[in-house]
Amino acid sequence: MALLHDTFGIDVSIQDRFGGPDPTSMPFAYFDENGICVANFSAFSMPMMIDGRLVAAAGFQSGAVRPEWRGRGLYRDLMRRAFNWCDAQGFERGLLLTDKPALYEPCEFKILPQHQFSGPPPVAVQPIGSSRTLSLDNSGDLALVKRLLGERTPVSSIFAVAAQMEMFLLNSCFDAGIRLSYLDHPELVVAWKSTEADCFQLLDIAGRIIPPLSVLLAVLDQRPSCVEVCFPPDRLDWQGNPEPFASHTSLMVRGAAADRLAGPVMLSPMAEF
Ligand SMILES: CC(C)(COP(=O)(O)OP(=O)(O)OC[C@H]1O[C@@H](n2cnc3c(N)ncnc32)[C@H](O)[C@@H]1OP(=O)(O)O)[C@@H](O)C(=O)NCCC(=O)NCCS
């Protein structure tokens, strides 16, 4: 939409290639007398696994007001309407990523500090099955990724998206360094990167079964000197040291989740919104 392009310089029309925007998206907006959108704030459904429990969570995104309309309370009003709507719909938690946390603190949002998990690779094992690189430009590969995203088990039982497709696909396009690999046994899509420091950076895994990290590295034929996992690694049969994740945006949570989490967390970069 033009407001997002003009405000953030991002082109979300790429989503049309993947089947369009998230059908759960619920925009709250103001338009001027010419029908131009001047203010927007959208909610969408993002079921999460949090501390072993499936939680009905809403994500909030696309918050912007055109410069000439700012400072008149439009955004405060859209936030109020969106949060009230989510409460009425029965969402238990709200999540957002922002570089302006002060904007949301009066609305019961708290910063959830993020940590990535680093450490030496696990002991090498023999590969089972094979892998190949996927391209979202290939319609067969796109259908495969969508199917596995639809069947996915949350990548962590502590903090992970349980079901969300559109942001994974969009984020794959926003960063050319992200590699998507298909593993055939068990069937998985693995989103990962190789850093200059010979580190294997694991961003996300989509499939019915989450295998040990050692199995992933063997099938991907990766022998890095270190591993960074960008989500809690409780299902990977590997432990890393949590390290504060440096980012220009803060993850914020509305509801009691921020006080109750059992351990350090990170929202997979593939789920960023
Ligand atoms: C941030 C933005 C959406 C605010 O829109 P707005 O219509 O001017 O906001 P409102 O007039 O409704 O003001 C809402 C409140 O936010 C506060 N606020 C405005 N800009 C703020 C900022 N940058 N940081 C913290 N608080 C801010 C206002 O003081 C006001 O507080 P109050 O309700 O206690 O009086 C607008 O400036 C914008 O589009 N900025 C660029 C895009 C952006 O940063 N979007 C937010 C992404 S998370």
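Note that ligands are numbered from 1 as they come in the structure, with each ligand's atoms numbered from 1 the same way.
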Donor-acceptor list for residues 206-219 side chains, cut-off 3.5 Å, not counting sequence neighbours:
none

Think R147 forms a cation-pi with Y182, using NZ or CZ under 6.0 Å from the six-ring centre and within 45 degrees of its axis?
no

Taken in chain and number order and not counting sequence neighbours, the residues that satisfy ring pair (Phe, Tyr, Trp, His ring centres under 6.0 Å) with F159 are none

Under 3.5 Å, is there a donor-acceptor pair linking the side chains of E166 and Q164?
yes

Using distance alone, with no hydrogens and no angle criterion, decide if S62 and N40 have a side-chain donor and acceptor under 3.5 Å apart.
no

Not counting sequence neighbours, which residues clear side-chain contact (heavy atoms from CB on, under 4.5 Å) with D137? List them please.
R17, S135

Residue shell around ligand 1, heavy atom under 4.0 angstrom
T7, F8, G63, A64, V65, R70, G71, R72, G73, L74, Y75, R76, T98, K100, L103, Y104

